[in-house]
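Contents: one structure, followed by commentary.
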Amino acid sequence: MQITENLVNVFGTTCLLLLVVACSQDKPAPSDEIQSADYIFTGRIYTAEENSPWATSVVVKGSEIIAVGYENNRLQLADFTDDDTMVVDLGNRILVPGFIDGHTHFNRAGEQLNDVNLLKVDSSVALQRELQRVTANVGSGEWITGGSWGAYESWQDGSSGKSNMRLLERWQPTRDDIDSVSPVNPVFVNSFESTPELYLANTPALKAADLLTNPLPGMDLDNKGVPTGLIRKDSPAIQKIQSVVVKKSRARVLNEARAGLKRLRENGIVEIHDITKTDFESIFAELQNNGELTTRVWMRADLARAAEFNAKEIKMGTHPVTQVRDTYLRWGAYKGYIDGIMGNHSALFFDAYDDKPDHYGSYRDHTSDDPEHKIANMEKMYGYLKEAHRGGFKANVHAIGTRGVALMLDTYERLQNELGGSLEGFRVIHCQVVRPQDFARFKKLGVIAEVNPYHVSDDMRWMEERIGTERSGGAYAFKSLLDNGATLVFASDWPGTNAAEYYSHPKYLLNAAVNRTTTQSLPEGGWFPEQKISLEAAMQAYTINGARATFDGDTKGSILPGKLADLVILDRDIFVRPPEELLSMQVDMTMVNGQIVFERESAGNLSNDR
């Protein structure tokens, strides 16, 4: 029997050819050594294996890759084929390992998709449109909160920071803007600052807190003394409204999670390393039990919970319910924090911010007992790390500014010197701005640099204004990290912060790493282009490095016989197309554990064409 390779033109573009291979009646039964396959992919295949990065065919049976063919060692595909085998000719497409996202805030991602997202809202029309979208998805009487409006009011999305219009006066909405679109849902949304400067309550929210006729200081009033709905920072009205907000129903949270999983599989994400909110593990477990968990999850609990986990004898790599090892849902390293973020000037630096000459950033609860987070207590962080180490857990710690990164490397070095052993699996998260003398320390210590390439595209709009050109040369310096032997793990930080929106689609991260431009392809030639890295290096950081970072490099993250079949088909061969096309890249198929969990409609349908 012969398998025919052909290309079909559908919708005017080259699509996947789905060949259902008919076997002759006299075909011998597969031997013990050769199994009939569920799927066979032929064409251009990137494996992410350093010694054999390119393949010509991949054979999938059940949840595993059972065979891989290469240009110099081709498979006899007929040996793996029976009546039920689906053979996919990739044509001009490419098969790659599924993308592993090294950093998500999944609970907030679902919220952003289903609930209110005001990051790019700075007008009454946009606010009304967003609330109309949300009220259509939630039940009558349910509260709508959060939002973080105005994050892009001064610097528009896609700006490279070269030409901006600084606001003389910020937008200040009122309840008249939103009452008509939220008549049966109390709304209490806020501006984007870490401690919001402004809040907005609609009439149902004011009534629920008995503030419509009994206003408190800090509430804006109209010329008749009636609240406009706009509330200023530090007003006692804020706490009064917060005290009557009704918690989301579990059904609503589950629907948010389903929306998040849908977006991940559409984007080719087969695993996330999640910053898991306390008790959200039960949401993941319920979805898994229902057969709805279409992305693998490595959950990172807060570092301050190490003593609690040790007391409960929870082990890294185990399922939150069964407490046995699980390839889909399991506890990972702890997540810690050194400093804040660039978006609100709270990342820690040795030198002051250029636009805030007396400000050096802030510590966090893990590194300070000071209510204002100005005074460090690194012994507190070290104590958490020792407790984590006692329970066999690794730590992945957020550090953004030059001082934050240096302090974290110092603390890891101390841990290694005093307790001994390897720092394999430990990470510095973000590593946004690194001093020249600290790049080599990542390899020396064996610590992973977990980086967020899309931050380049988003943060360049204000980065040089805040820390100047010289320090910006060490910002998102992926090439310098690689040149000094560091291991990179790519991460989206989806859905972002109170000051920025980040995306989970790999095209944004790959473009930022390879081209160092915004979503508008600015600036020409890239921002600090000397820090561009190759597409091969970027893909390794997005696949096999993520698997190795969770101690799963032998079972996932690349295309090799015996590994789990977590695979993605891209709509073009990104290795031969111009790098400027990365932002146009689409995912045609996502396979997790040998099961197709997403197919792009216009690319043809694999699962129904046997």
Side-chain angles (χ1 to χ4, degrees), residues 103 119-120 150-167 192-194 338-362 398-406 428-436 438-439 449-481 488 490-493 496-503 508-509 511-533:
H103 190 120
L119 283 164
K120 297 176 183 176
Y152 291 84
E153 196 171 3
S154 291
W155 299 95
Q156 291 301 304
D157 185 31
S159 168
S160 63
K162 298 302 181 184
S163 57
N164 65 295
M165 296 289 290
R166 301 315 302 264
L167 294 176
F192 74 94
E193 301 84 7
S194 55
I338 282 273
D339 59 356
I341 62 174
M342 288 295 306
N344 58 22
H345 294 86
S346 57
L348 277 170
F349 285 90
F350 287 102
D351 298 313
Y353 284 84
D354 284 30
D355 61 340
K356 278 193 170 186
D358 296 324
H359 190 68
Y360 295 81
S362 305
H398 164 124
I400 286 183
T402 52
R403 183 185 290 272
V405 173
V428 177
I429 295 175
H430 304 307
C431 318
Q432 282 188 8
V433 191
V434 181
R435 298 183 303 174
D438 287 329
F439 285 115
E450 179 192 301
V451 298
N452 314 103
Y454 181 69
H455 289 193
V456 177
S457 300
D458 194 81
D459 291 0
M460 72 170 76
R461 57 197 160 112
W462 38 247
M463 181 64 80
E464 289 178 74
E465 175 188 285
R466 295 190 178 176
I467 63 171
T469 300
E470 183 178 351
R471 279 188 289 179
S472 292
Y476 319 104
F478 311 138
K479 184 67 160 54
S480 292
L481 285 163
L488 302 187
F490 273 9
S492 68
D493 205 6
T497 69
N498 59 290
E501 182 172 6
Y502 303 140
Y503 305 109
Y508 295 105
L509 282 74
N511 171 72
V514 174
N515 296 320
R516 292 183 72 88
T517 60
T518 70
T519 55
Q520 306 302 318
S521 299
L522 297 171
E524 186 176 352
W527 189 70
F528 292 93
E530 65 274 14
Q531 293 296 341
K532 293 179 181 180
I533 64 174

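Only a predicted model underlies this, so the values are computations on that prediction, with no experimental measurement involved.
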May I ask you to test the Glu464-Phe528 pair for a side-chain heavy-atom distance under 4.5 Å? yes

Which residues pass the side chain to side chain contact (heavy atoms under 4.5 Å, CB included) test with Asp355, not counting sequence neighbours? His345, Tyr353, Glu465, Arg466

Looking only at atom types and distance, does a side-chain atom of Arg435 sit under 3.5 Å from a main-chain N or O of Thr402, one as donor and one as acceptor? no

If you define the side chain from C-beta out and look only at heavy atoms, does anything of Tyr508 sit under 4.5 Å from Ser492? no

Expected output: side-chain Ser457 to main-chain Thr517 donor-acceptor under 3.5 Å: yes

Check whether any side-chain heavy atom of Tyr502 sits under 4.5 Å from a side-chain heavy atom of Thr497, and report yes or no. yes

Passing option when Glu450 is tested against Ile429, Leu488, Asp493 for side chain to side chain contact (heavy atoms under 4.5 Å, CB included): Ile429

Is NZ or CZ of Arg471 both nearer than 6.0 Å to the six-membered ring centre of Phe349 and within 45° of the ring axis? yes

Taking everything shown except Glu470 itself, do over 12 heavy atoms lie less than 6.0 Å from its CD? no

Short side-chain to backbone donor-acceptor contact, Asp339 and Gly401, under 3.5 Å: yes

The side-chain hydrogen bond (donor to acceptor under 3.5 Å, both in side chains) partner of Tyr476 among His455, His430, Gln432 is Gln432

Backbone N or O of Asn344 within a donor-acceptor pair of the Glu193 side chain at under 3.5 Å? no

